[in-house]
Amino acid sequence: MKHTEAKFAYLNAEKCPFFIQKLNIQMLPTVIMFNDGVAVDRICGFDDLGGVDDFPEIILTRRLIFGGVLAPLNDKEEGRMKVTKKKVI
């Protein structure tokens with residue numbers, strides 16, 4: 001899915017110790033979500049993404065939506081599922 005409302009930046013922790021200290025990053029990877037220059041949420045490590053480093057993209061998308069920095073494009077991204085009842089014969 002394409003979300004043009006978001007921008008991502010990568011910082012090399014070894015080359016940017018000032019930013020690491022200023023943003024209080026204690027675990028890698030860390031995703032800090034900003035709205036209008038203010039940090040509103042963060043993801044530290046892989047725990048919020050299923051505990052693995054090869055998580056599906058939809059998991060990160062839903063987490064960023066929950067953090068308030070992305071708007072859902074469809075029901076799947078929002079976490080809504082269609083439930084249908086099967087007829088029992």
Side-chain angles (χ1 to χ4, degrees):
M1 299 291 157
K2 298 287 184 182
H3 285 275
T4 57
E5 74 270 26
K7 294 181 182 178
F8 291 85
Y10 167 84
L11 291 176
N12 184 330
E14 293 177 356
K15 293 184 179 181
C16 302
F18 171 77
F19 284 112
I20 301 305
Q21 184 178 5
K22 184 78 172 165
L23 296 170
N24 196 24
I25 296 174
Q26 299 175 359
M27 180 185 300
L28 296 176
T30 294
V31 176
I32 302 175
M33 296 169 247
F34 292 90
N35 253 341
D36 296 325
V38 178
V40 293
D41 200 358
R42 63 176 54 214
I43 302 170
C44 298
F46 293 110
D47 289 341
D48 285 354
L49 305 173
V52 293
D53 63 352
D54 61 344
F55 53 87
E57 180 182 336
I58 190 70
I59 301 294
L60 178 59
T61 302
R62 286 178 181 165
R63 182 62 181 84
L64 294 173
I65 290 168
F66 178 77
V69 294
L70 291 183
L73 298 176
N74 54 45
D75 287 345
K76 183 178 179 183
E77 285 188 356
E78 201 165 4
R80 294 185 198 165
M81 296 185 178
K82 294 180 182 177
V83 178
T84 58
K85 293 183 180 181
K86 292 185 178 181
K87 291 184 179 181
V88 178
I89 302 175

How far does CG of Leu64 sit from CD of Glu77, to the nearest 0.5 angstrom? 10.0 Å
Between Leu70 and Ala6, which heavy-atom pair has the shortest distance, and what is it? CD2-CB, 3.4 Å
One should read off an interatomic distance between Arg42 CZ and Met27 CE, to the nearest 0.5 angstrom, of 11.0 Å
Heavy-atom pair with the smallest gap, counting every atom of Glu5 and Val69: CG-O, 4.1 Å
Going by the side chain to side chain contact (heavy atoms under 4.5 Å, CB included) test, name the single residue among Ile58, Leu60, Val52, Asp54 that passes it with Pro56. Ile58
Tell me the side-chain hydrogen bond (donor to acceptor under 3.5 Å, both in side chains) pairs involving residues 18-27, sequence neighbours left out? Asn24-Gln26
In this structure, are over 12 heavy atoms from other groups packed under 6.0 Å from Phe66 atom CZ? no
Is the CZ atom of Phe19 crowded by more than 12 outside heavy atoms at less than 6.0 Å? no
Which atom names give the shortest non-hydrogen contact between Cys16 and Leu11, and what distance separates them? SG-CD2, 4.1 Å
Spatial distance of atom CD1 (Ile59) from atom CG (Leu49) [nearest 0.5 Å]: 8.0 Å
Give a yes or no on this: more than 12 heavy atoms of other residues, nucleotides or ligands lie within 6.0 Å of atom CD of Glu14. no
Closest non-hydrogen contact found for Phe46 with Asp53 is CZ-CB, 3.5 Å
Please say yes or no: joined through hydrophobic side-chain contacts below 4.5 Å, possibly via intermediate residues, are Ile20 and Phe34 part of one cluster? yes
In Å and rounded to the nearest 0.5 Å, what is the CG to CG distance from Asp41 to Asn35? 10.0 Å
Atom pair OG1 (Thr30) and CG (Leu23), whose distance is rounded to the nearest 0.5 Å: 9.5 Å
Does Asn74 offer a backbone N or O that forms a donor-acceptor pair with the side chain of Arg80 under 3.5 Å? no
Treat each ILVMFWY residue as a node, draw an edge where side-chain heavy atoms are under 4.5 Å apart, and state whether Phe55 and Phe8 are in one component. yes
Apply the test side-chain contact (heavy atoms from CB on, under 4.5 Å) to residues Leu73 and Lys2: give CA-CA distance (whole Å), side-chain angles for both, the deciding distance (0.1 Å), then the verdict. CA-CA 9 Å; Leu73 298 176; Lys2 298 287 184 182; 5.6 Å; no
